[in-house]
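Below: the structure, in C-alpha coordinates.
Counting convention: from 1, in listed order, for ligands and their atoms alike.
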Amino acid sequence: MTSQKERIFSGAQPTGQLHIGNYLGALKNWVALQDEYEAFYCIVNLHAITLPQDPKTLREKTLDLARIYLAAGVDPEKSTIFIQSDVPEHAELTWVLSCVSRMGELERMTQFKDKGKGNRERAGVGLFTYPVLMAADILLYQTELVPIGKDQKQHLELTRDLAERFNRDFGETFKVPEPFIPPVGASIKSLQDPEKKMSKSDENVNGSIFLLDGADTVTKKIKRAVTDSGTTIEFDDSRPAIGNLLTMYHLLTGKTIDESVEHFRGKGYGAFKTELAEVTIEFLKPFQERVNQYDDATLSGILSTGAKKARSIAAQTLGDVYKKTGIR
Ligand code: TRP
(Lines give C-alpha, C1' and ligand atoms only; values in the text may rest on other atoms or scores of the structure.)
Protein backbone atom coordinates (compact mmCIF):
# COMPACT_ATOMS: atom_id res chain seq x y z
CA MET A 1 0.00 0.00 0.00
CA THR A 2 1.41 3.37 -0.88
CA SER A 3 0.74 6.33 1.32
CA GLN A 4 -1.14 9.34 -0.04
CA LYS A 5 0.52 11.63 2.46
CA GLU A 6 3.33 13.95 1.45
CA ARG A 7 6.71 13.09 2.88
CA ILE A 8 8.82 15.10 5.25
CA PHE A 9 12.35 14.44 6.39
CA SER A 10 14.36 16.06 9.13
CA GLY A 11 17.30 15.23 11.32
CA ALA A 12 19.47 16.36 14.19
CA GLN A 13 23.04 15.59 15.11
CA PRO A 14 23.83 13.57 18.25
CA THR A 15 26.27 16.18 19.49
CA GLY A 16 26.07 18.51 22.48
CA GLN A 17 22.99 18.72 24.65
CA LEU A 18 19.59 19.51 23.21
CA HIS A 19 17.98 22.62 24.65
CA ILE A 20 14.55 24.12 24.84
CA GLY A 21 15.24 26.10 21.65
CA ASN A 22 15.70 22.80 19.80
CA TYR A 23 12.42 21.58 21.24
CA LEU A 24 10.38 24.72 20.57
CA GLY A 25 11.98 25.44 17.19
CA ALA A 26 12.20 21.91 15.79
CA LEU A 27 10.99 18.89 17.75
CA LYS A 28 7.63 20.42 18.65
CA ASN A 29 6.95 21.00 14.96
CA TRP A 30 8.06 17.49 14.05
CA VAL A 31 5.44 16.18 16.43
CA ALA A 32 2.76 18.48 15.02
CA LEU A 33 3.58 17.42 11.46
CA GLN A 34 3.53 13.67 11.95
CA ASP A 35 -0.24 13.31 11.60
CA GLU A 36 -0.47 15.16 8.34
CA TYR A 37 2.67 13.88 6.69
CA GLU A 38 4.59 10.68 6.30
CA ALA A 39 7.52 11.67 8.47
CA PHE A 40 11.12 10.45 8.58
CA TYR A 41 13.15 11.65 11.56
CA CYS A 42 16.79 10.73 11.44
CA ILE A 43 19.64 10.82 13.94
CA VAL A 44 22.46 11.98 11.73
CA ASN A 45 25.48 10.35 13.33
CA LEU A 46 27.54 10.45 10.14
CA HIS A 47 27.19 14.22 10.14
CA ALA A 48 28.42 14.29 13.74
CA ILE A 49 31.93 13.09 12.85
CA THR A 50 32.54 16.05 10.54
CA LEU A 51 33.92 17.59 13.74
CA PRO A 52 35.96 15.56 16.24
CA GLN A 53 33.78 13.44 18.56
CA ASP A 54 34.68 11.22 21.45
CA PRO A 55 34.23 7.67 20.09
CA LYS A 56 33.45 6.43 23.61
CA THR A 57 30.35 8.59 23.93
CA LEU A 58 29.10 9.07 20.36
CA ARG A 59 27.07 5.86 20.33
CA GLU A 60 25.54 6.71 23.70
CA LYS A 61 24.61 10.19 22.51
CA THR A 62 23.07 8.71 19.39
CA LEU A 63 20.73 6.54 21.46
CA ASP A 64 20.05 9.41 23.89
CA LEU A 65 18.91 11.56 20.98
CA ALA A 66 16.49 8.83 19.90
CA ARG A 67 15.08 8.88 23.44
CA ILE A 68 14.68 12.64 23.22
CA TYR A 69 12.77 12.39 19.92
CA LEU A 70 10.44 9.90 21.60
CA ALA A 71 10.07 11.95 24.78
CA ALA A 72 9.16 15.00 22.69
CA GLY A 73 6.27 13.01 21.28
CA VAL A 74 7.56 11.64 18.01
CA ASP A 75 5.43 8.52 17.76
CA PRO A 76 7.09 5.44 16.28
CA GLU A 77 3.66 4.21 15.17
CA LYS A 78 3.29 7.27 12.98
CA SER A 79 6.81 8.38 12.11
CA THR A 80 9.92 6.56 10.99
CA ILE A 81 12.72 7.14 13.51
CA PHE A 82 16.13 5.82 12.54
CA ILE A 83 19.88 6.20 12.76
CA GLN A 84 21.53 7.47 9.58
CA SER A 85 24.36 4.91 9.59
CA ASP A 86 21.82 2.05 9.76
CA VAL A 87 20.85 2.91 6.20
CA PRO A 88 24.06 2.62 4.16
CA GLU A 89 22.36 4.16 1.11
CA HIS A 90 22.96 7.60 2.71
CA ALA A 91 26.71 7.24 2.35
CA GLU A 92 26.39 5.65 -1.09
CA LEU A 93 24.18 8.36 -2.55
CA THR A 94 26.51 10.97 -1.07
CA TRP A 95 29.28 9.66 -3.31
CA VAL A 96 27.19 9.92 -6.45
CA LEU A 97 25.94 13.39 -5.52
CA SER A 98 29.45 14.55 -4.74
CA CYS A 99 30.28 13.76 -8.38
CA VAL A 100 27.47 16.11 -9.39
CA SER A 101 28.41 18.86 -6.90
CA ARG A 102 30.79 21.68 -7.71
CA MET A 103 33.61 22.97 -5.56
CA GLY A 104 32.36 26.50 -6.11
CA GLU A 105 28.91 25.90 -4.74
CA LEU A 106 30.18 24.08 -1.66
CA GLU A 107 32.69 26.84 -1.06
CA ARG A 108 29.83 29.30 -0.80
CA MET A 109 28.23 27.47 2.17
CA THR A 110 28.40 29.84 5.13
CA GLN A 111 28.25 27.03 7.68
CA PHE A 112 31.46 25.56 6.25
CA LYS A 113 33.15 28.92 6.61
CA ASP A 114 31.90 29.22 10.21
CA LYS A 115 32.62 25.71 11.38
CA GLY A 116 35.91 25.51 9.48
CA LYS A 117 36.81 28.79 11.22
CA GLY A 118 37.93 30.13 7.87
CA ASN A 119 40.97 27.87 7.95
CA ARG A 120 40.68 26.02 4.64
CA GLU A 121 44.05 24.33 4.95
CA ARG A 122 43.08 22.51 8.15
CA ALA A 123 39.31 22.12 7.71
CA GLY A 124 38.13 18.54 7.27
CA VAL A 125 36.96 17.40 3.85
CA GLY A 126 33.90 15.89 5.56
CA LEU A 127 32.97 19.30 6.87
CA PHE A 128 33.22 20.58 3.30
CA THR A 129 31.02 17.83 1.84
CA TYR A 130 28.60 17.83 4.81
CA PRO A 131 25.81 19.48 2.75
CA VAL A 132 26.09 16.73 0.12
CA LEU A 133 25.39 14.10 2.79
CA MET A 134 22.44 16.21 3.92
CA ALA A 135 21.18 16.34 0.32
CA ALA A 136 21.44 12.55 0.13
CA ASP A 137 19.44 12.23 3.37
CA ILE A 138 16.62 14.25 1.89
CA LEU A 139 16.62 13.05 -1.72
CA LEU A 140 16.69 9.32 -0.91
CA TYR A 141 13.13 9.57 0.43
CA GLN A 142 11.62 11.63 -2.41
CA THR A 143 10.90 14.19 0.27
CA GLU A 144 8.41 16.98 -0.36
CA LEU A 145 9.01 19.13 2.71
CA VAL A 146 12.00 19.63 4.99
CA PRO A 147 11.43 21.24 8.41
CA ILE A 148 14.63 23.16 9.15
CA GLY A 149 15.94 26.19 10.97
CA LYS A 150 16.94 29.30 9.05
CA ASP A 151 20.59 28.35 9.33
CA GLN A 152 19.97 25.27 7.15
CA LYS A 153 18.20 27.11 4.34
CA GLN A 154 21.31 27.42 2.23
CA HIS A 155 21.89 23.66 2.49
CA LEU A 156 18.36 23.05 1.29
CA GLU A 157 18.92 25.36 -1.68
CA LEU A 158 21.94 23.26 -2.56
CA THR A 159 19.87 20.09 -2.21
CA ARG A 160 17.37 21.50 -4.69
CA ASP A 161 20.12 22.50 -7.11
CA LEU A 162 21.68 19.02 -6.98
CA ALA A 163 18.30 17.34 -7.51
CA GLU A 164 17.50 19.55 -10.48
CA ARG A 165 20.93 19.07 -12.02
CA PHE A 166 20.79 15.31 -11.62
CA ASN A 167 17.28 15.18 -13.08
CA ARG A 168 18.38 17.28 -16.04
CA ASP A 169 21.50 15.26 -16.76
CA PHE A 170 20.24 11.73 -16.08
CA GLY A 171 16.45 11.96 -16.35
CA GLU A 172 13.72 12.55 -13.78
CA THR A 173 14.85 10.81 -10.58
CA PHE A 174 14.46 13.02 -7.52
CA LYS A 175 11.61 15.03 -6.13
CA VAL A 176 12.78 18.62 -5.56
CA PRO A 177 12.06 19.40 -1.87
CA GLU A 178 10.75 22.59 -0.32
CA PRO A 179 11.94 24.05 2.99
CA PHE A 180 9.49 24.32 5.85
CA ILE A 181 10.55 27.03 8.27
CA PRO A 182 8.10 27.44 11.15
CA PRO A 183 7.00 31.06 11.61
CA VAL A 184 7.40 31.61 15.37
CA GLY A 185 9.95 30.13 17.67
CA ALA A 186 12.07 29.06 14.71
CA SER A 187 14.86 30.67 16.59
CA ILE A 188 14.82 30.94 20.36
CA LYS A 189 17.70 33.19 21.40
CA SER A 190 20.36 32.77 24.05
CA LEU A 191 19.30 33.84 27.54
CA GLN A 192 22.62 35.64 27.83
CA ASP A 193 22.58 37.38 24.45
CA PRO A 194 19.31 37.87 22.59
CA GLU A 195 21.22 38.65 19.39
CA LYS A 196 22.50 35.08 19.27
CA LYS A 197 20.56 31.90 18.71
CA MET A 198 20.33 29.49 21.66
CA SER A 199 23.05 27.09 20.56
CA LYS A 200 24.26 23.62 21.50
CA SER A 201 27.80 24.77 20.92
CA ASP A 202 27.65 27.94 23.04
CA GLU A 203 30.40 27.70 25.66
CA ASN A 204 28.26 29.72 28.09
CA VAL A 205 25.82 27.11 29.49
CA ASN A 206 23.75 29.87 31.11
CA GLY A 207 22.53 30.90 27.67
CA SER A 208 20.58 27.67 27.20
CA ILE A 209 17.99 25.68 29.10
CA PHE A 210 18.89 22.08 28.36
CA LEU A 211 16.10 19.55 28.06
CA LEU A 212 17.71 17.55 30.84
CA ASP A 213 18.31 20.48 33.23
CA GLY A 214 16.91 20.05 36.75
CA ALA A 215 14.41 22.47 38.29
CA ASP A 216 16.99 24.44 40.31
CA THR A 217 19.20 24.96 37.30
CA VAL A 218 16.26 26.14 35.23
CA THR A 219 15.21 28.66 37.86
CA LYS A 220 18.75 29.94 38.23
CA LYS A 221 19.28 30.33 34.48
CA ILE A 222 16.00 32.16 33.96
CA LYS A 223 16.66 34.47 36.92
CA ARG A 224 20.04 35.29 35.41
CA ALA A 225 18.70 35.84 31.91
CA VAL A 226 19.55 39.27 30.57
CA THR A 227 16.67 41.73 30.20
CA ASP A 228 16.29 45.04 28.42
CA SER A 229 15.96 48.49 29.86
CA GLY A 230 12.38 49.42 30.61
CA THR A 231 9.91 47.69 32.89
CA THR A 232 6.92 46.52 30.83
CA ILE A 233 6.60 43.04 29.41
CA GLU A 234 5.79 43.58 25.77
CA PHE A 235 6.99 42.90 22.26
CA ASP A 236 9.09 45.74 21.01
CA ASP A 237 11.94 45.52 18.47
CA SER A 238 14.19 47.51 20.75
CA ARG A 239 13.78 44.95 23.56
CA PRO A 240 14.78 41.59 22.12
CA ALA A 241 15.56 39.90 25.46
CA ILE A 242 12.03 40.35 26.81
CA GLY A 243 10.62 39.38 23.41
CA ASN A 244 12.59 36.15 23.54
CA LEU A 245 11.37 35.28 27.04
CA LEU A 246 7.80 36.09 26.04
CA THR A 247 8.10 33.87 22.99
CA MET A 248 9.22 31.02 25.22
CA TYR A 249 6.28 31.63 27.52
CA HIS A 250 3.86 31.73 24.60
CA LEU A 251 5.17 28.49 23.08
CA LEU A 252 5.35 26.62 26.37
CA THR A 253 1.88 27.56 27.56
CA GLY A 254 0.05 27.56 24.24
CA LYS A 255 -1.33 31.02 25.09
CA THR A 256 -1.31 33.39 22.14
CA ILE A 257 1.19 36.23 22.09
CA ASP A 258 -1.55 38.74 22.88
CA GLU A 259 -2.82 36.65 25.77
CA SER A 260 0.72 36.34 27.11
CA VAL A 261 1.28 40.10 26.99
CA GLU A 262 -2.10 40.67 28.62
CA HIS A 263 -1.28 38.14 31.32
CA PHE A 264 1.80 40.09 32.38
CA ARG A 265 0.35 43.57 32.13
CA GLY A 266 1.27 45.53 35.25
CA LYS A 267 3.69 42.86 36.48
CA GLY A 268 7.43 43.31 36.80
CA TYR A 269 10.41 41.39 35.47
CA GLY A 270 10.78 39.41 38.70
CA ALA A 271 7.26 38.00 38.65
CA PHE A 272 7.55 37.34 34.93
CA LYS A 273 10.72 35.32 35.35
CA THR A 274 9.31 33.36 38.26
CA GLU A 275 6.33 32.35 36.19
CA LEU A 276 8.40 31.55 33.12
CA ALA A 277 10.59 29.30 35.27
CA GLU A 278 7.49 27.55 36.61
CA VAL A 279 6.00 26.78 33.21
CA THR A 280 9.39 25.64 31.94
CA ILE A 281 9.80 23.22 34.84
CA GLU A 282 6.23 22.05 34.40
CA PHE A 283 7.05 21.15 30.82
CA LEU A 284 10.45 19.60 31.53
CA LYS A 285 9.50 17.33 34.39
CA PRO A 286 7.22 14.93 32.52
CA PHE A 287 9.46 15.27 29.47
CA GLN A 288 12.41 14.01 31.51
CA GLU A 289 10.34 11.12 32.82
CA ARG A 290 9.46 10.16 29.26
CA VAL A 291 13.14 10.10 28.28
CA ASN A 292 13.39 6.89 30.23
CA GLN A 293 10.07 5.41 29.19
CA TYR A 294 11.64 2.66 27.06
CA ASP A 295 14.19 0.07 28.10
CA ASP A 296 17.21 -0.49 25.86
CA ALA A 297 15.72 -3.49 24.07
CA THR A 298 12.51 -1.66 23.18
CA LEU A 299 14.47 1.34 21.97
CA SER A 300 16.66 -0.79 19.78
CA GLY A 301 13.55 -2.48 18.37
CA ILE A 302 12.06 0.90 17.45
CA LEU A 303 15.27 1.93 15.73
CA SER A 304 15.69 -1.27 13.78
CA THR A 305 12.07 -1.18 12.61
CA GLY A 306 12.67 2.42 11.56
CA ALA A 307 15.85 1.54 9.69
CA LYS A 308 14.14 -1.32 7.86
CA LYS A 309 11.31 0.92 6.72
CA ALA A 310 13.72 3.70 5.71
CA ARG A 311 15.94 1.28 3.88
CA SER A 312 13.15 -0.14 1.77
CA ILE A 313 12.58 3.33 0.31
CA ALA A 314 16.20 4.45 0.19
CA ALA A 315 17.23 1.31 -1.68
CA GLN A 316 14.68 1.98 -4.42
CA THR A 317 15.94 5.50 -4.98
CA LEU A 318 19.58 4.44 -4.96
CA GLY A 319 18.79 1.56 -7.35
CA ASP A 320 17.25 4.06 -9.74
CA VAL A 321 20.26 6.37 -9.41
CA TYR A 322 22.69 3.52 -10.13
CA LYS A 323 20.66 2.47 -13.16
CA LYS A 324 20.44 5.99 -14.55
CA THR A 325 24.16 6.61 -14.10
CA GLY A 326 25.19 3.29 -15.63
CA ILE A 327 26.65 1.91 -12.41
CA ARG A 328 24.23 -0.99 -12.46
N1 TRP B 1 22.36 19.80 9.05
C2 TRP B 1 21.25 19.71 9.94
C3 TRP B 1 21.54 20.52 11.21
O4 TRP B 1 22.66 20.61 11.64
C5 TRP B 1 20.97 18.28 10.33
C6 TRP B 1 20.54 17.48 9.16
C7 TRP B 1 21.25 16.52 8.52
C8 TRP B 1 19.31 17.59 8.47
N9 TRP B 1 20.54 15.99 7.48
C10 TRP B 1 19.35 16.63 7.44
C11 TRP B 1 18.18 18.42 8.64
C12 TRP B 1 18.29 16.49 6.55
C13 TRP B 1 17.12 18.26 7.74
C14 TRP B 1 17.18 17.31 6.70
O15 TRP B 1 20.62 21.06 11.78
Side-chain angles (χ1 to χ4, degrees), residues 6-19 21-30 33-34 37-51 53 61-62 65-66 68-69 72 74 79-87 89-94 97-98 101 106 109-116 124 126-163 174-182 185-188 197-202 306 310 313-314 317:
E6 293 197 326
R7 254 185 216 152
I8 61 177
F9 185 103
S10 201
Q13 297 190 53
T15 55
Q17 286 195 70
L18 256 67
H19 51 66
N22 297 125
Y23 173 78
L24 296 173
L27 289 171
K28 192 165 181 253
N29 288 303
W30 293 10
L33 291 166
Q34 66 185 345
Y37 294 90
E38 186 186 5
F40 290 79
Y41 296 131
C42 186
I43 296 141
V44 294
N45 58 344
L46 296 173
H47 277 106
I49 59 169
T50 55
L51 289 175
Q53 300 298 329
K61 285 190 173 158
T62 302
L65 185 55
I68 286 189
Y69 286 8
V74 177
S79 302
T80 303
I81 306 172
F82 70 104
I83 299 174
Q84 188 182 34
S85 63
D86 283 344
V87 181
E89 284 79 4
H90 288 244
E92 289 184 75
L93 181 60
T94 299
L97 291 178
S98 73
S101 307
L106 293 184
M109 296 293 122
T110 54
Q111 194 174 72
F112 170 69
K113 294 180 207 161
D114 293 347
K115 289 196 180 177
L127 199 58
F128 187 66
T129 58
Y130 173 117
V132 184
L133 176 58
M134 178 162 161
D137 294 342
I138 296 165
L139 298 178
L140 273 176
Y141 299 92
Q142 306 294 349
T143 304
E144 262 110 1
L145 265 191
V146 187
I148 40 167
K150 266 198 223 114
D151 61 324
Q152 297 297 315
K153 225 180 139 189
Q154 197 185 26
H155 291 161
L156 197 84
E157 273 308 312
L158 175 79
T159 303
R160 290 168 54 86
D161 290 346
L162 295 179
F174 297 121
K175 197 154 269 174
V176 180
E178 301 284 339
F180 176 86
I181 298 174
S187 174
I188 296 289
K197 191 171 116 135
M198 193 178 277
S199 162
K200 291 200 276 189
S201 46
D202 191 343
I313 296 162
T317 303

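- Qualifying side-chain contact (heavy atoms from CB on, under 4.5 Å) partners for A163, counting only residues two or more places apart in sequence or in other chains: L139, F174, V176.
- The N/O atoms of Y130, backbone and side chain alike, include one that comes under 3.5 Å of an N/O atom in ligand 1.
- Under 4.0 angstrom from ligand 1, there are no non-hydrogen atoms of D151.
- Residues satisfying the side-chain hydrogen bond (donor to acceptor under 3.5 Å, both in side chains) criterion with H90, sequence neighbours excluded, are D137, Y141.
- By the 4.5 Å heavy-atom criterion applied to side chains, F180 and I148 are not counted as neighbours.
- Here the protein heavy atom with the shortest distance to atom 5 (C) of ligand 1 is G11 O, 3.6 Å.
- Only the side chain of V146 comes within 4.0 Å of ligand 1, judged by heavy-atom distances.
- Near I148, meaning under 4.0 Å from one of its heavy atoms, ligand 1 places the atoms 13 (C).
- Around atom 7 (C) of ligand 1, the closest heavy atom drawn from K115, K200, H47 belongs to H47.
- What you find for G126 and T50 is that their closest heavy atoms are O-CG2, 3.4 Å.
- Ligand 1 has an N or O atom lying under 3.5 Å from an N or O atom of Q152, backbone or side chain.
- The protein heavy atom nearest to atom 9 (N) of ligand 1 is D137 OD2, 2.7 Å.
- Taking every heavy atom of S10 and a limit of under 4.0 angstrom, the matching atoms of ligand 1 come to 13 (C), 14 (C).
- Taking the six-membered ring where tryptophan is involved, the planes of F9 and F40 are essentially parallel, since the angle between them stays under 30° and well short of 60°.
- We find that R7 and E38 are joined by a salt bridge, their nearest charged nitrogen and carboxylate oxygen being less than 4.0 Å apart.
- Looking only at atom types and distance, the side chain of E89 has no donor-acceptor partner in the side chain of T317 under 3.5 Å away.
- Per-residue contacts place Q13 under 4.0 angstrom from the following atoms of ligand 1 (heavy atoms of the residue considered): 4 (O).
- Taking a cut-off of under 4.0 Å to the non-hydrogen atoms of V44, the atoms of ligand 1 that pass are 7 (C), 9 (N).
- Between the side chains of N45 and T62, no donor N or O sits under 3.5 Å from an acceptor N or O.
- Close contacts of ligand 1 with I138, meaning ligand atoms under 4.0 Å from a residue heavy atom, involve 12 (C), 14 (C).
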